[in-house]
Amino acid sequence: MKKNTIIWTIILLVTGCGGNKPGKQIDDLIIVDVTASYPKKELILQDFMDIEYIPLETANEFLCQGVVQAIGKDIIVVKNRVNDGDIFIFDRTGKGLRKFNRLGKGGEEYAFNLGITLDEDNNEMFVNSHSTRRILVYDLFGNFKRSFRHKEGGLYNKIYNYDKEHLICHEDYFPTYDPESNRNSIFIISKQDGSVKEMEIPIKKKISTVMMLQDKEMIYSNLTLNCMITPFQNNWIIAEPSSDTVYRYLPDASIHPFITRTPSVHSMEPEVFLYPGVLTDHYYFMQTVKKEYDFATNRGFPRTDLIYDTQEKIIFDCTVYNSDYTDKRPVNMFRDPLNEEIAFCQSLNAEDLIESYEKGQLKGQLKEIAATLEEESNPVIMLVKHKKQ
């Protein structure tokens with residue numbers, strides 16, 4: 001008993017340092033050994049999430065590759081994988097409403113559309129022109145309203161709607177960052193002028209998630225590409241790769257330990273990072289990513305999908321299957337989050353759905369939709385939504 005008390009005291013001292021502000025009581029800290037082999041578990045997606053399929057209308061003006069950027073109460077915002085500048089607006093049934101394109105080099109145009117953040121309450125969209133380090137703000141019809149730059153020295157990656165006045169984002173993680181700066185990569189941004197409020201997350205030393213290879217005069221790179229920010233129970237879960245703790249960020253701007261990992265990321269070579277995935281009342285999905293990459297085969301960053309079962313208080317090595325497929329089709333629970341209602345979405349290619357339909361591998365609503373598709377049809381969007389309590 002005395003030994004357990006000492007261990008817990010050490011854990012709380014390590015994870016609680018850094019000037020965390022007092023806040024409401026938080027659930028017990030979860031400890032994850034990123035080197036451990038956990039028992040296997042299989043789950044059916046429909047047992048704990050609600051699924052909705054939306055076929056995007058196929059019309060000449062609305063032909064698209066179905067890369068969903070945001071989903072609001074009334075609209076779906078979509079772009080293409082190629083940087084052609086097209087932005088498509090569909091309603092929540094998949095009917096095409098309008099399309100616009102502001103690609104260009106002018107002051108009211110984006111040079112590269114890395115991502116779009118929807119603020120439906122203010123009828124605005126924020127387009128991340130990654131290559132020019134600018135955020136351009138448009139109304140929902142594509143009319144320019146204002147713009148602001150990324151923070152000095154910053155390069156924004158994923159951006160989410162935080163509240164009526166702010167965005168929350170993390171920036172790209174390059175090895176050129178000064179490891180001695182202990183610079184946080186997650187912060188709050190004003191929607192009006194781009195001013196930044198940085199989070200005070202304790203970092204011992206900066207660690208890059210990027211692998212690089214120099215071959216003669218060419219430099220190749222690749223990175224883990226996991227999401228560091230996840231909405232959960234009106235809070236945000238924050239994963240700074242250089243920290244051994246995953247935090248909750250509360251509306252009062254206080255941070256609280258949520259998950260801690262062992263061994264320390266600073267003691268490992270190569271490093272193994274821990275990222276959160278979908279979070280529900282019952283299951284916390286997590287993924288370990290090992291910092292290894294083979295540039296000759298373009299393979300690497302081996303991953304292990306874990307869940308913490310909040311009822312059993314046990315961690316499992318978990319695979320999730322979509323029961324609308326008869327051939328045990330696994331589901332990626334680590335896609336970019338959308339909002340409090342929709343955990344994530346997946347774009348299903350029409351040609352693939354037709355093939356599965358002809359093989360008798362589909363069931364339910366997905367089977368009914370696939371029966372109506374043609375090979376040139378727009379994708380079908382699968383929404384994975386939190387079950388209503």
Side-chain angles (χ1 to χ4, degrees), residues 17-21 23 69-70 114-119 122 124-137 146-210 223-232 234-259 265 273-276 336-340:
C17 65
N20 292 342
K21 301 175 185 178
Q69 300 297 285
L114 181 66
I116 304 167
T117 304
L118 174 65
D119 179 1
N122 292 319
E124 292 183 339
M125 290 184 293
F126 297 78
V127 177
N128 184 6
S129 183
H130 191 261
S131 59
T132 57
R133 303 191 181 198
R134 295 173 65 220
I135 303 296
L136 296 103
V137 187
R146 62 189 179 280
S147 68
F148 49 84
R149 297 195 62 81
H150 294 191
K151 62 176 290 190
E152 184 177 356
L155 188 61
Y156 297 171
N157 189 353
K158 302 294 184 182
I159 304 174
Y160 303 96
N161 193 37
Y162 181 72
D163 61 22
K164 193 171 181 63
E165 291 83 28
H166 301 92
L167 305 167
I168 185 171
C169 94
H170 69 76
E171 61 181 340
D172 278 331
Y173 226 88
F174 288 107
T176 53
Y177 288 171
D178 180 5
E180 303 301 324
S181 69
N182 287 350
R183 163 181 171 161
N184 284 305
S185 57
I186 303 172
F187 34 82
I188 306 296
I189 308 168
S190 166
K191 291 179 178 177
Q192 292 303 312
D193 61 12
S195 56
V196 170
K197 176 184 177 182
E198 297 199 22
M199 294 185 185
E200 298 179 2
I201 300 175
I203 301 174
K204 179 180 178 182
K205 182 181 179 181
K206 201 73 171 178
I207 299 174
S208 173
T209 61
V210 180
L223 70 163
T224 59
L225 286 176
N226 282 69
C227 187
M228 304 181 201
I229 309 173
T230 304
F232 180 54
N234 297 318
N235 304 316
W236 290 81
I237 304 303
I238 305 299
E240 162 59 60
S242 300
S243 172
D244 289 332
T245 303
V246 176
Y247 291 94
R248 283 182 187 255
Y249 185 75
L250 273 60
D252 64 0
S254 62
I255 63 172
H256 301 265
F258 180 51
I259 300 170
V265 68
F273 302 108
L274 180 68
Y275 296 102
D336 291 339
L338 286 174
N339 51 50
E340 286 280 355

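Positions are given from 1, in the same order as the sequence printed here.
Summarising the geometry, atom CG belonging to Asn161 is positioned 10.5 Å from atom CD1 belonging to Ile168; distances are rounded to the nearest 0.5 Å. How far OG of Ser129 is from NE2 of His150: 7.5 Å, rounded to the nearest 0.5 Å. Between Ile159 atom CD1 and Thr117 atom OG1 the span is 5.0 Å, to the nearest 0.5 Å. Taking CG of Leu167 as the start and NZ of Lys191 as the end, the distance is 5.5 Å to the nearest 0.5 Å. Within the model, atoms CD1 of Ile259 and CZ of Arg248 stand 9.5 Å from one another, a figure rounded to the nearest 0.5 Å. Remark: Glu198 CD to Ile186 CD1 distance equals 11.0 Å, nearest 0.5 Å.
Note that Lys197 lies outside the cation-pi zone of Phe187, set by a 6.0 Å cut-off to the ring centre and a 45° limit from the axis.
A 4.5 Å side-chain heavy-atom check between Phe273 and Asn226 finds every atom pair outside the cut-off. Side-chain contact between Arg146 and Gln192 is present, with at least one heavy-atom pair separated by less than 4.5 Å. In this structure, Asn339 and Pro231 have side chains that are not in contact, with every pair of non-hydrogen atoms separated by 4.5 Å or more. Residues Phe148 and Val137 have side chains in contact (heavy-atom distance under 4.5 Å, counting atoms from C-beta outward). The closest side-chain heavy-atom distance from Leu250 to Ile255 is not below 4.5 Å. Side-chain contact between Asn157 and Leu114 is present, with at least one heavy-atom pair separated by less than 4.5 Å. At a threshold of 4.5 Å between non-hydrogen side-chain atoms, the residues Trp236 and Tyr247 do not count as touching. Between Ile238 and Ile201 the shortest side-chain heavy-atom distance falls below 4.5 Å.
Under a 3.5 Å cut-off, the side chain of Tyr156 and the backbone N or O of Lys151 do form a donor-acceptor pair. For Asp119 (side chain) and Phe126 (main-chain N/O), no donor-acceptor pair under 3.5 Å exists by modelled atom type. Distance alone, capped at 3.5 Å, places no donor-acceptor pair between the Ser243 side chain and the Glu240 backbone. No donor-acceptor pair closer than 3.5 Å links the side chain of Asn128 to the backbone N or O of Ile116. Looking only at distances, a side-chain donor or acceptor of Asp252 sits under 3.5 Å from a matching main-chain atom of Ser254.
The minimum heavy-atom distance linking Tyr275 with Cys227 is given by the pair CD2-O, 3.8 Å. Here the closest heavy-atom approach between residue Ile229 and residue Cys169 is recorded as CD1-C, 3.5 Å. Nearest heavy atoms, Glu340 versus Asn234: OE2-N, 3.0 Å. Nearest heavy atoms, Ser185 versus Met228: OG-SD, 4.2 Å. A pairwise comparison of heavy atoms in Pro276 and Thr230 identifies CG-OG1, 4.1 Å as the closest pair. Across every non-hydrogen atom of Arg134 and Ser147, the tightest pair is NH2-OG, 3.1 Å.
The aromatic rings of Phe232 and Phe258 sit tilted, their planes meeting at an angle between 30° and 60°. Between Tyr162 and His166, the angle of the ring planes goes over 60°, which puts this pair in the perpendicular group of the 30/60° scheme.
When the salt bridge (charged side-chain N to carboxylate O under 4.0 Å, His left out) test is applied to Asp163, no partner is found at least two apart in sequence or on another chain. In this structure, Arg133 has no salt bridge (charged side-chain N to carboxylate O under 4.0 Å, His left out) partners at least two apart in sequence or on a different chain.
Salt bridge annotation for Glu171-Lys158: absent, with no cationic side-chain nitrogen under 4.0 angstrom from a carboxylate oxygen.
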Residues Ile188, Tyr249; criterion side chain to side chain contact (heavy atoms under 4.5 Å, CB included); working and verdict: CA-CA 11 Å; Ile188 306 296; Tyr249 185 75; 3.9 Å; yes
